[in-house]
Amino acid sequence: MDNSVALITGANTGIGKEIARQLAAEGLTVYVGSRDAGRGRAAVEEIGGDARLLQLDVTDAASIAAAAREIAVLDILVNNAGISLEAKAPDQQDVDEFRRVYETNVFGVVAVTNAFLPALRRSAHPRIVNMSSSTGSLAVAAEQGSSAFAAYRSSKTALNMLTVLYANALAADGVLVNAVAPGLRRTGLNARAAEAGGDPAEGAAGAVRLALLPDDGPSGQFFSWDGTRVPW
Ligand code: NAP
């Protein structure tokens, strides 16, 4: 994978930083997306290898446009940046909270993906990995009868549909597009994640596997971190 170039959004901490670390260890040039330059620089130093800071707020059109101008050819885009907010049921969650979460987890992914598509199309082996969640699975939610984290979970369901639609739209360009559920990991995403025992590096490995798929690899699929399929 020498000379390959990857961009991970929200890579200054959590699972994103671990994805960046693992891809840099594979010898890739890794753009560490971070909306805050200071936090991004600290992560770049920690990651080592050919890691580079790319200041990028996925909710800011000017920031996205400026970032896209920095990369001519992009082999791997990992749409990892995400927010969760509180564990509310839909009847308890204000519509503005839905808007905030969707702005990052859904609209941010569309804006970033579309901005970097010209650079991805210049790659010989383009890959897009969307960081989803098994909590966004319609099948799992219907089976569990659960209602918490309404904004977050429905945003991931929308992301799953976008994964399929992008995979279909970009198939002729050879872009493999997949979603991954990293499992519950100890990060700052929300109170539940903060208390979790799961190692973020293990969840990151699932995204790295999809980022490094061979040309005949799957597209438009939803995988767990361990490579098994997650029901839609
Ligand atoms: P995290 O530690 O909170 O990291 C989230 C990252 O996203 C941070 O770098 C954050 O930057 C960045 N971010 C948020 N809003 C942004 C924006 N507008 N522009 C650019 N970056 C932004 O959470 P995490 O657990 O690693 O989450 C990473 C992904 O995994 C998310 O998509 C999440 O939904 C998914 N996931 C996590 C778990 C889990 O158990 N942890 C489970 C399933 C799915 P700042 O540091 O500047 O806030």
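Count residues from 1 along the sequence. Order of appearance sets the numbers: ligands from 1, and atoms from 1 within every ligand.
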Output yes when the distance from some N or O of ligand 1 to some N or O of [X] is under 3.5 Å, and no in every other case.
X: Ser133; value: no
X: Pro182; value: no
X: Val58; value: yes

- Item | Exam field: side chain Asn178 to backbone Leu210, donor-acceptor pair closer than 3.5 Å | no
- Query: Looking only at atom types and distance, does a side-chain atom of Thr157 sit under 3.5 Å from a main-chain N or O of Gly136, one as donor and one as acceptor?
  - Reply: yes
Does one side chain, of [X] or [Y], offer a donor that lies under 3.5 Å from an acceptor on the other?
X: Arg229; Y: Gln221; answer: yes
X: Asp226; Y: Thr228; answer: yes
X: Asn79; Y: Thr9; answer: no

- For Ile64, the option from Asn114, Leu56, Asp57, Thr59 that meets side chain to side chain contact (heavy atoms under 4.5 Å, CB included): Leu56
- Query: With a 4.0 Å cut-off, would you call Arg21 and Glu46 a salt bridge?
  - Reply: yes
- Salt bridge flag under 4.0 Å for residues Arg100 and Glu97: no
Any non-hydrogen atom of [X] lying under 4.0 Å from ligand 1?
X: Ser132; value: yes
X: Lys156; value: yes
X: Asp36; value: no

Quick one: look up the protein heavy atom nearest [atom] and list residue, atom name and how far away it is.
atom: atom 27 (O) of ligand 1; value: Leu189 CD1, 4.1 Å
atom: atom 8 (C) of ligand 1; value: Thr13 CG2, 3.6 Å
atom: atom 42 (C) of ligand 1; value: Gly183 O, 3.3 Å
atom: atom 26 (O) of ligand 1; value: Ile15 N, 2.8 Å
atom: atom 32 (O) of ligand 1; value: Asn80 O, 2.8 Å
atom: atom 39 (C) of ligand 1; value: Arg185 N, 3.5 Å
atom: atom 20 (C) of ligand 1; value: Leu56 O, 3.3 Å
atom: atom 35 (C) of ligand 1; value: Met131 CG, 3.6 Å

Atoms of ligand 1, numbered as shown, that sit under 4.0 Å from any heavy atom of [X]:
X: Leu184; answer: 40 (O)
X: Gly188; answer: 2 (O), 3 (O)
X: Tyr152; answer: 33 (C), 34 (O), 35 (C), 36 (N), 43 (C), 44 (C)
X: Thr59; answer: 18 (N)

Counting only heavy atoms closer than 4.0 Å, does ligand 1 sit against the backbone of [X], its side chain, both, or neither?
X: Arg192; value: neither
X: Ile83; value: side chain
X: Lys17; value: neither
X: Thr104; value: side chain

Does any non-hydrogen side-chain atom of [Y] lie less than 4.5 Å from one of [X]?
X: Val30; Y: Ile47; answer: no
X: Val58; Y: Phe107; answer: no
X: Ser147; Y: Pro90; answer: yes

- Message: Considering Ala43, Ala81, Ser155 one by one, which has a heavy atom nearer to atom 22 (C) of ligand 1 than any of the others?
- Response: Ala81
- Take the angle between the ring planes of Tyr102 and Phe98 and call it parallel below 30°, perpendicular above 60°, tilted in between. tilted
- Message: Using a 6.0 Å distance limit plus a 45 degree cone around the ring axis, check whether Arg185 lies over the aromatic ring of Trp225.
- Response: yes
- Heavy-atom pair with the smallest gap, counting every atom of Gly40 and Val32: O-CG1, 4.4 Å
